[in-house]
2 protein chains.
Amino acid sequence: MPARKSPDTASRIPSGKAATINDIARLAGVSKKTVSRIINNSPLVRKDTREKVEALMREVGYTPDPLARGLAFRRSFLIGMVYDNPTAQYIVDMQYGALDALRDSGFELVVHPCDSRTPNYIDGVRRFVQQQKLHGVMLVPRASEDQKLADMLAELGCRYSRIVPVGFEDNDGRMIVTHDREGAVEAADYLLTLGHRDIALITGPLTYRSAIERTNGFLDTLAQRGVEVPKARIIEASYTFESGVAAAEKLFAARQRPTAIFCGNDEMAAGVYKVALRAGISIPRDLSVVGYDDSPLASRLWPSLTSVRRHTRDTGRIAAGALIRTDTAPLAVASVRPHLIVRDSCQPPP
Amino acid sequence: MPARKSPDTASRIPSGKAATINDIARLAGVSKKTVSRIINNSPLVRKDTREKVEALMREVGYTPDPLARGLAFRRSFLIGMVYDNPTAQYIVDMQYGALDALRDSGFELVVHPCDSRTPNYIDGVRRFVQQQKLHGVMLVPRASEDQKLADMLAELGCRYSRIVPVGFEDNDGRMIVTHDREGAVEAADYLLTLGHRDIALITGPLTYRSAIERTNGFLDTLAQRGVEVPKARIIEASYTFESGVAAAEKLFAARQRPTAIFCGNDEMAAGVYKVALRAGISIPRDLSVVGYDDSPLASRLWPSLTSVRRHTRDTGRIAAGALIRTDTAPLAVASVRPHLIVRDSCQPPP
DNA sequence: CTGAAAGCGCTTACAG
DNA sequence: CTGAAAGCGCTTACAG
């Protein structure tokens, strides 16, 4: 029964149901194994056979059933995104990026927030991965920094990609390095160039790799130009708005106020704005402020906030793309570099 | 081969692989069909048989393979979340809510943002639903307002739940009504009680049901108390920060400024803040502002913004829960009611 | 209440 | 380069 690209080909398929590999094989006059080879891009198919079958598949709108394929492969067509606690915009951007990579690939994105502070969250991720037979997992900060989590995935034989602030060794997974240090270096350069010397720093929790990188990048750059930041002007906060408020209150209570503050993220910078506004301290006339994230908040504040942009969507696209690529390329490292977006929150010191 | 709860039971299962229904049946000394009945909560199983098998399943940590079940059922264990364009915090909250309902249910959440302004987005959703054989779909505003989308799902026989600003008829899907009108009524009552009479309104696009409900609820309440809002003080904007800025500029350019502004969401209220701050108009001394959403932005602005809270996470939990409930209950309507969170952005008129 | 057979729509392992 | 058989781990339809 040879295939014919006739209007009635579709009618040969049981109506009301989607075509199966058997329908395609029958209509094309080949075995289902040959159709399977074409679905899986095997080179062991004659060119004209492939073209004939592909045309038929297009004609009837055939797509293989991911459940059946998954069962036979012992692996689903699902990509998991594992994350804990970051800001909403960051998560949504990361999801959009991942979906950019997965679009029309036959893979879908399954979201899995977790709480890395609970002792057994790794078991939760393990059950998720094992039960769904995930094809791969994206690890987003801060979960991505947990080596035990990565080790568990390696042991399960589940491929994963890690988004990390700084590059390091991992034999099993792929790294996407966001180079947070460089963003902080740029922020420091900018403030120095404006002429600031009395500079303060509000950091995220120093148990976070991102906070460490941003802090060191910032302080090292100042030190290189001979600017020391006294201990009292380095405040470890927690990446939240409220902690930014508290940090700013502490800084403003000192005998001499800094002329510029670098904040480890925009949320904390918004806290600084609030305290400054309340205290009648004018930004940027009396005080310059730089944030990190370039979140929507940055342009909603007034004056709009100078901040480091992270290209989160690109990061997500790369991380997800690395999981579905068929070439079993060597475990490479990809880089996404931040850069400073200058707005209206800084000027030379008074 | 009777089941024994002995330490070596697990060793009867091929090492390195997860247990299957066949392992359970063999170790329990029953047929796989009986195990299947237990998995699916069939009443046609003797109590002691059920208990024996369930104990064994717990002992070996057996969970049925969703791919195999999905293939046999012709339906996956995936819930799709379809949405277009709302704010990040809203989407993330909705996802958290849905995941609350799906936790430990065996179902997973697959995210599917779309763009309802493109003509063929419904086809995209259709492919998504058909190809993945979704168990159900959550429709989030504004996509949830599109009757054609709902009709397509009904035609496919895919169950769905719709989150909508106001209740209406739908024979196929379940409704979760967020009663946006009530939130706006509360905002109007509050401003009237403070003594405002010169009131302006910045609405979302009036093609959005949410914008219509909020607008009508607000204006009707004012009218009932004899307060008319002149046309020039009702500005249709687009739920964005920038559109809020433009609307505020227009309102402030009038001969007489309103003493209070109700904004259809917090983003636009942030735009009003920006213009007021730049123009030296003091909030709340010269101008009272009320938002809608109670987004994180509301407490980050200074003075913190009085806004209508939506209980988005609860909404998501109900919408997802309705899709996985086994009781084929009548298609009911659930309600989530908003309420005003009073902060520091309002006071009696000058 | 319980079970043996057939099937869901694919792939693997083997043979040619 | 191509195919027939067996299998992935479940459920449905039928029989008892």
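In the text below, chain A, chain B and the rest are named by the order of the sequence lines, each starting its count at 1.
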Between A/Lys33 and B/Asp48, which is nearer to the 5' end of DNA chain C once each is assigned its nearest nucleotide?
-> B/Asp48

Please report, rounded to the nearest Å, how far the C1' atom of C/dT2 is from the CZ atom of B/Arg50.
-> 13 Å

Please report, rounded to the nearest Å, how far the P atom of D/dT11 is from the CG atom of A/Leu67.
-> 13 Å

Run the salt bridge (charged side-chain N to carboxylate O under 4.0 Å, His left out) check on B/Asp151 and B/Lys148 step by step: do they pass?
-> CA-CA 5 Å; B/Asp151 289 344; B/Lys148 281 185 190 148; over 6 Å; no

Nearest-nucleotide pick for A/Asp65, side chain only, options being C/dC10, D/dT11, D/dG9 = C/dC10

Between P of D/dG9 and CZ of B/Arg26, the distance in whole Å | 12 Å

Comparing B/Leu44 with A/Thr63, nearest DNA chain C nucleotide closer to 5' gives the residue B/Leu44

Just checking B/Asn40: base, sugar-phosphate only, or nothing, at a heavy-atom cut-off of under 4.0 Å?
-> sugar-phosphate

Of the listed D/dG3, C/dC10, D/dC10, the closest approach to the A/Thr34 side chain comes from D/dG3

Heavy-atom donor-acceptor pair, B/Arg37 side-chain to C/dT2 base, under 3.5 Å | yes

Hey, is the main chain of B/Arg142 close enough, under 3.5 Å, to the side chain of B/Asp84 for a donor-acceptor pair?
-> yes

Look only at the side chain of B/Ser76 and the backbone of B/Gly70, and say whether a donor-acceptor pair between them is shorter than 3.5 Å.
-> no

Listed nucleotide nearest any side-chain atom of A/Ser31, set D/dC10, D/dA4, C/dA4 | D/dA4

Whole-Å distance between C/dT12 P and A/Lys32 NZ?
-> 13 Å

Write down the distance between CZ (A/Arg69) and P (D/dC10), rounded to a whole number of angstrom.
-> 21 Å

For D/dC1, take OP1 and OP2 only and decide whether either is under 4.0 Å from a side-chain N or O of A/Arg46.
-> no

From the list C/dC8, C/dT11, C/dG3, which nucleotide is the closest neighbour of the side chain of A/Phe73?
-> C/dT11

B/Lys133 atom NZ is separated from D/dC10 atom P, nearest whole Å, by 18 Å

Against the side chain of A/Thr20, the closest entry in D/dT11, C/dC10, C/dG3 is C/dC10

Atom CG of A/Asn22 and atom P of D/dG3: how far apart are they, to the nearest Å?
-> 13 Å

Looking only at D/dC8, C/dT2, D/dG3, the nucleotide nearest the B/Val45 side chain is C/dT2

How is B/Tyr62 classified with respect to the nucleic acid when contacts are heavy atoms under 4.0 Å: base, sugar-phosphate, or nothing?
-> sugar-phosphate

N/O (side chain, A/Thr49) to phosphate O (OP1/OP2, D/dC1) under 4.0 Å | no

Counting distance only, does the side-chain N/O of A/Thr315 pair as donor-acceptor with the main-chain N or O of A/His311 below 3.5 Å?
-> yes

Checking B/Asp65 side chain against B/Thr20 main chain: does a donor-acceptor pair fall under 3.5 Å?
-> no

Please determine if a side-chain N or O atom of A/Arg74 lies less than 4.0 Å away from the OP1 or OP2 oxygen of D/dC8.
-> no

Kindly assign one of parallel, tilted or perpendicular to the pair A/His112 and A/Phe128, based on the angle between their ring planes and the thresholds 30° and 60°.
-> parallel

To the nearest angstrom, how far is B/Lys47 atom NZ from C/dT2 atom P?
-> 14 Å

Could you let me know what C/dA13 is paired to, Watson-Crick or G-U wobble, both distances under 3.5 Å, or none if it's on its own?
-> none

